[in-house]
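To start, the structure under review is shown below, and the notes come after it.
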Amino acid sequence: MATKKRDIRALTKEQLREFFVNHGDKAFRGNQVYEWLWSKAAHSFDDMTNVSKKTREMLDENFVINHIEVDTMQRSKDGTIKNAIKLHDGKIVESVLIPTETRTTACVSSQVGCSLDCKFCATARLKRMRNLNADEIYDQVVAIDKQSRLYHNHKLSNIVFMGMGEPLMNYNNVIKAIDKITSPEGLGMAARRITLSTSGVPKMIKKMADDEVRFNLAVSLHSAIDEVRTSIMPFNATFPLKDLKESLEYWYEKTKRKVTYEYVVWNGINDRKEDIDALIKFCSYIPCKVNLIEYNPIDDGEFQQASERALNNYISNLEMHDIVVNVRRSRGKDIDAACGQLANKS
Ligand code: SAH
């Protein structure tokens with residue numbers, strides 16, 4: 001019986017070089033193949049035209065190249081593109097391309113489903129099925145970069161980890177993917193153009209600080225009052241705000257980098273004066289800015305975007321305290337591609 005073929009992209013460059021040396025070839029062959037696998041995103045050994053046929057056959061006997069496929073693609077009136085991405089085992093995740101005047105952003109997934117249970121998010125209903133591998137994350141970026149060039153005539157400029165899943169619950173693969181995205185052997189993108197968005201896992205925020213990561217951190221806060229936050233993001237019971245605060249102070253201490261707080265204001269949930277006051281207090285801990293995100297309804301109507309008046313109340317109070325606040329209008333709503341809508345209707 002043939003032994004099971006290994007996923008060649010699980011190998012580091014060094015391991016690939018070793019493989020060739022062990023098979024009587026030159027280590028340099030490893031570099032060539034590595035380049036095909038990553039910067040040239042080859043889907044088949046036969047694509048590797050500067051590698052001999054014999055070597056390609058030998059690779060084919062030992063390895064597979066797992067790759068993703070764009071299963072369906074939907075284009076919104078505003079230019080947003082939502083992709084259902086099929087993984088090698090048939091599972092589906094979603095990745096979105098968001099164009100604006102000045103940039104095109106890829107919103108990528110880090111897990112199939114999600115292990116957290118935010119009440120307002122469509123992905124939470126899927127439960128977590130598995131983590132994505134580093135190459136599956138990287139490939140989403142490559143696919144969106146292609147679409148950006150094709151439909152918007154320029155390359156991808158930014159990446160946000162705001163698709164399906166909690167990136168800090170799949171830390172190693174996310175970091176490996178980012179390494180590849182930023183490396184000249186991958187896409188050569190600048191780390192400062194990448195933002196990781198987390199619900200806030202304190203231990204992992206500290207780990208990121210220790211690892212001296214160079215990308216940006218966003219935290220989905222939505223409330224700075226434990227009781228309220230736990231009611232909409234139940235894992236807050238395990239990771240309460242005081243632990244989050246402490247981890248963010250640690251982050252700032254080590255990295256000197258500002259954090260972005262993502263925040264949706266909902267009717268009757270966090271639209272009171274005391275909610276605003278709590279946020280202002282939370283913002284005093286480290287340098288930060290607040291993104292007020294428009295709510296994208298997921299079918300059941302339990303959550304409703306607060307009124308314009310409530311939103312303006314937030315804005316004026318934050319500004320009064322010199323806190324930078326942006327309002328993020330949602331994009332791609334007509335195709336369920338907006339934040340928290342991934343997994344709606346699919
Ligand atoms: N797990 C990560 C990344 C995925 S969610 C995180 O929590 O940050 C990406 C962003 O979309 C988060 O800020 C999340 O709170 C927000 N979000 C989730 N559901 C939403 C919805 N229905 N409308 C608007 N934003 C939503």
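Atoms within a ligand are numbered from 1 in the order they appear, just like the ligands themselves.
Cation-pi check for Arg257 over Trp251 is not met; the charged atom does not lie both under 6.0 angstrom from the ring centroid and within 45 degrees of its normal. A cation-pi contact, defined as under 6.0 Å to the ring centre and within 45° of the axis, is absent between Lys180 and Tyr138. Cation-pi geometry between Lys206 and Tyr250 is met: under 6.0 angstrom from the ring centre, within 45 degrees of the axis.
With a 4.0 Å cut-off on non-hydrogen atoms, Thr198 touches ligand 1 through its backbone and not its side chain.
Near Cys121, meaning under 4.0 Å from any of its heavy atoms, are these atoms of ligand 1: 18 (C), 19 (N). The atoms of ligand 1 that sit less than 4.0 Å from any heavy atom of Gly163 are 4 (C). Residue Glu294 approaches ligand 1 through these ligand atoms, each under 4.0 Å from one of its heavy atoms: 24 (C). The ligand atoms of ligand 1 that sit less than 4.0 angstrom from a heavy atom of Ser199 are 1 (N), 6 (C), 7 (O), 8 (O).
Every heavy atom of Gly200 sits 4.0 Å or more from the atoms of ligand 1. Close to ligand 1: Phe161, with a non-hydrogen atom less than 4.0 angstrom away. Using 4.0 Å as the threshold, Ala218 has no heavy atom nearer than that to any atom of ligand 1.
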Does the side-chain hydrogen bond (donor to acceptor under 3.5 Å, both in side chains) test come out yes or no for Glu94 and Ser109, once each step is laid out?
CA-CA 6 Å; Glu94 292 176 320; Ser109 295; over 6 Å; no
Stepwise side-chain hydrogen bond (donor to acceptor under 3.5 Å, both in side chains) check, Tyr263 with Tyr314:
CA-CA 11 Å; Tyr263 204 101; Tyr314 258 91; 2.7 Å; yes
Determine whether Lys242 and Glu246 satisfy the following criterion, salt bridge (Lys or Arg N to Asp or Glu O under 4.0 Å), listing intermediate values before the conclusion.
CA-CA 6 Å; Lys242 76 166 174 25; Glu246 197 219 319; over 6 Å; no
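When the heavy-atom distances from atom 3 (C) of ligand 1 to Ser197, Cys114, Ser220 are ranked, the shortest goes to Ser197. Nearest to atom 15 (O) of ligand 1 by heavy atom, out of Glu262, Gln305, Met233, His222, is His222.
For a threshold of 3.5 Å applied to N or O pairs, the pair formed by Tyr295 and ligand 1 contains no separation below that value. Considering backbone and side-chain N/O atoms, Gly165 comes within less than 3.5 Å of an N/O atom of ligand 1. For ligand 1, the polar-atom distance check against Phe120 finds a nitrogen or oxygen pair separated by under 3.5 Å.
Residues forming a side-chain hydrogen bond (donor to acceptor under 3.5 Å, both in side chains) with Gln147 (at least two apart in sequence, or on another chain): Asn83.
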Show me the side-chain donor-acceptor pairs of residues 182-189 shorter than 3.5 Å, one per line, residues at least two apart or across chains.
unit_1: Thr182; atom_1: OG1; unit_2: Ile178; atom_2: O; d: 2.8
unit_1: Thr182; atom_1: OG1; unit_2: Asp179; atom_2: O; d: 3.2
unit_1: Ser183; atom_1: OG; unit_2: Glu185; atom_2: N; d: 2.8
unit_1: Ser183; atom_1: OG; unit_2: Gly186; atom_2: N; d: 3.4
unit_1: Glu185; atom_1: OE2; unit_2: Lys13; atom_2: NZ; d: 2.1

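Counting heavy atoms from C-beta outward, Val265 and Leu292 have side chains that approach closer than 4.5 Å.
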